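All of these numbers come straight from a predicted model, not from anything done at the bench.
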Amino acid sequence: MASKKPVNRPSVRHPSHNHPLRVFKAQNEDEIICSGCELDLTGQAFKCTKDCDYFLHKSCFDLPREINHKSHPDHPITLFYSPSYDHQSYECDACGEYGSGFTYNCSVCKYDVHVGCAFIPETVDREDHKHPLTLLYKIPCEDGKMYVCDVCEEEVSENLWTYYCKECDYGTHVHSCALDEDYEKEEEENRESSSAASRMKSLMKAQDEIAAMKLESRMKKAANNAIIYSIR
């Protein structure tokens with residue numbers, strides 16, 4: 001009986017990791033965290049071909065290396081695969097949460113933004129508010145005045161981003177509060193989970209199309225190389 005040949009799965013390289021990565025499909029029950037954005041991993045993704053616990057969303061794999069962002073008009077912000085600071089973490093200047101994975105960074109200004117925050121939409125709709133909310137890159141208050149989220153009724157720091165309706169003087173945090181009308185009734189752990197889900201949804205939506213095109217191109221190239229190698 002002829003033995004089956006091992007399956008030769010094409011692999012790809014990413015500058016954030018020393019080993020090749022291969023495509024795989026993550027399930028919700030796997031409870032895997034993306035090594036890039038540090039959010040839950042589901043659907044098509046990449047994993048290390050070795051024994052490393054390293055995984056990436058498709059969208060994180062294909063993030064542009066440098067972007068110009070309206071929140072930081074003086075300089076472009078560059079994708080770092082790990083924080084550039086000695087303590088190996090950073091505080092996101094968009095949402096105020098800490099991170100230790102990928103970040104868009106301005107080394108001149110010490111400015112950091114989660115890769116998911118960098119692609120959140122400029123307007124969002126809430127079912128309980130009649131106007132769209134517009135993304136602002138600082139709170140709409142005069143210096144020294146407190147700005148309170150109209151959903152969770154917690155203070156928003158003056159340098160953080162917010163969604164705001166000028167006509168109604170109505171504003172929210174940039175993640176869960178902007179989308180979930182029952183947010184104020186949730187416990188803290190549910191709040192954090194919803195925030196992460198919102199950020200990942202924005203990132204995936206903004207990057208999915210470009211990621212798919214680049215992935216298809218890489219896979220075809222890798223498959224062609226494998227065929228050529230086997231012929232030789």
Heavy-atom distance under 4.5 Å between the side chains of Phe61 and Val23, does that happen here?
no

Nearest-0.5 Å distance, SG of residue Cys168 to NZ of residue Lys130:
5.5 Å

When every non-hydrogen atom of Leu56 is compared with those of Ser35, the smallest separation belongs to CD2-C, 4.3 Å

Does His57 reach the main-chain N or O of Asp40 with its side chain, forming a donor-acceptor pair under 3.5 Å?
yes

Kindly write out the residues that satisfy side chain to side chain contact (heavy atoms under 4.5 Å, CB included) with Leu136, not counting sequence neighbours, or none if the list is empty.
Pro140, Thr162, Tyr164

Heavy atoms only: give me the nearest Cys117-Ala94 pair and the separation to one decimal.
CB-CB, 3.8 Å

Verdict with reasoning, Tyr54 to Ser16, per side-chain contact (heavy atoms from CB on, under 4.5 Å):
CA-CA 10 Å; Tyr54 193 86; Ser16 66; 2.4 Å; yes

List the residues meeting salt bridge (Lys or Arg N to Asp or Glu O under 4.0 Å) with Lys70, not counting sequence neighbours, and say none if there are none.
Glu122

In the hydrophobic clustering that connects Ile, Leu, Val, Met, Phe, Trp and Tyr at side-chain heavy-atom distances below 4.5 Å, which members other than Phe55 occupy its cluster, ordered by chain and number?
Phe24, Ile32, Leu41

Where the side chain of Asp150 meets the backbone of Gly171, is there a donor-acceptor pair that is under 3.5 Å apart?
yes

For the residue pair His14 and Tyr81, does the interplanar ring angle fall in the parallel (under 30°), tilted (30 to 60°) or perpendicular (over 60°) class?
perpendicular

Indicate yes or no for a side-chain donor-acceptor contact from Glu38 to the backbone of Ser100 under 3.5 Å, with no hydrogens or angles considered.
yes

Roughly how far, to the nearest 0.5 Å, is the CG atom of Leu160 from the CD atom of Glu91?
7.5 Å

Ser89 meets the side-chain hydrogen bond (donor to acceptor under 3.5 Å, both in side chains) criterion, sequence neighbours left out, with His87

Is there side-chain contact between Arg22 and Lys47, with at least one heavy-atom pair below 4.5 Å?
yes

Tell me, do Val156 and Cys149 make a side-chain contact under 4.5 Å, heavy atoms counted?
yes

Apply the test side-chain contact (heavy atoms from CB on, under 4.5 Å) to residues Cys106 and Val108: give CA-CA distance (whole Å), side-chain angles for both, the deciding distance (0.1 Å), then the verdict.
CA-CA 5 Å; Cys106 173; Val108 176; 3.9 Å; yes

The ring-ring contact (aromatic ring centres under 6.0 Å, His included) partners of Tyr90 (sequence neighbours excluded) come to His114

Is it the case that over 12 heavy atoms from other parts of the model lie below 6.0 angstrom from the CD atom of Glu31?
no

Heavy-atom side-chain proximity of Tyr104 to Pro64 below 4.5 angstrom
yes

Would you say the side-chain atoms of Thr172 pair up with the backbone N or O of Val151, donor to acceptor, closer than 3.5 Å?
no

Distance col, row Glu167:CD vs His129:NE2, nearest 0.5 angstrom, shows 7.5 Å

Atom CE of Met146 and atom CD of Glu158: how far apart are they, to the nearest 0.5 Å?
11.5 Å

Under a single-linkage definition using a 4.5 Å side-chain heavy-atom cutoff for Ile, Leu, Val, Met, Phe, Trp and Tyr, are Ile67 and Ile120 assigned to the same hydrophobic cluster?
yes

Same apolar cluster (I L V M F W Y, side chains within < 4.5 Å links), Ile77/Leu63:
yes

Under a 3.5 Å distance rule, please check whether Arg65 uses its side chain to pair with a backbone N or O of Leu79 as donor and acceptor.
yes

Spatial distance of atom OG (Ser82) from atom CD (Gln88) [nearest 0.5 Å]:
5.5 Å

With Asp93 via side chain to side chain contact (heavy atoms under 4.5 Å, CB included) - residues at least two apart:
Tyr111, Asp112

Are Asp74 and Cys109 packed together at the side-chain level, in the sense that at least one heavy-atom pair is separated by less than 4.5 angstrom?
no

Minimum heavy-atom separation for Cys95 and Val174, please, with both atom names.
CB-CG2, 4.0 Å

Nearest-0.5 Å distance that lies between atom OH in Tyr163 and atom CG in Leu133:
8.5 Å

Spell out, yes or no, whether Trp161 and Val124 are grouped together once hydrophobic residues are joined by side-chain heavy atoms under 4.5 Å, including indirect joins.
yes

Arg126-Tyr170 side chain donor-acceptor pair, cut-off 3.5 Å
yes

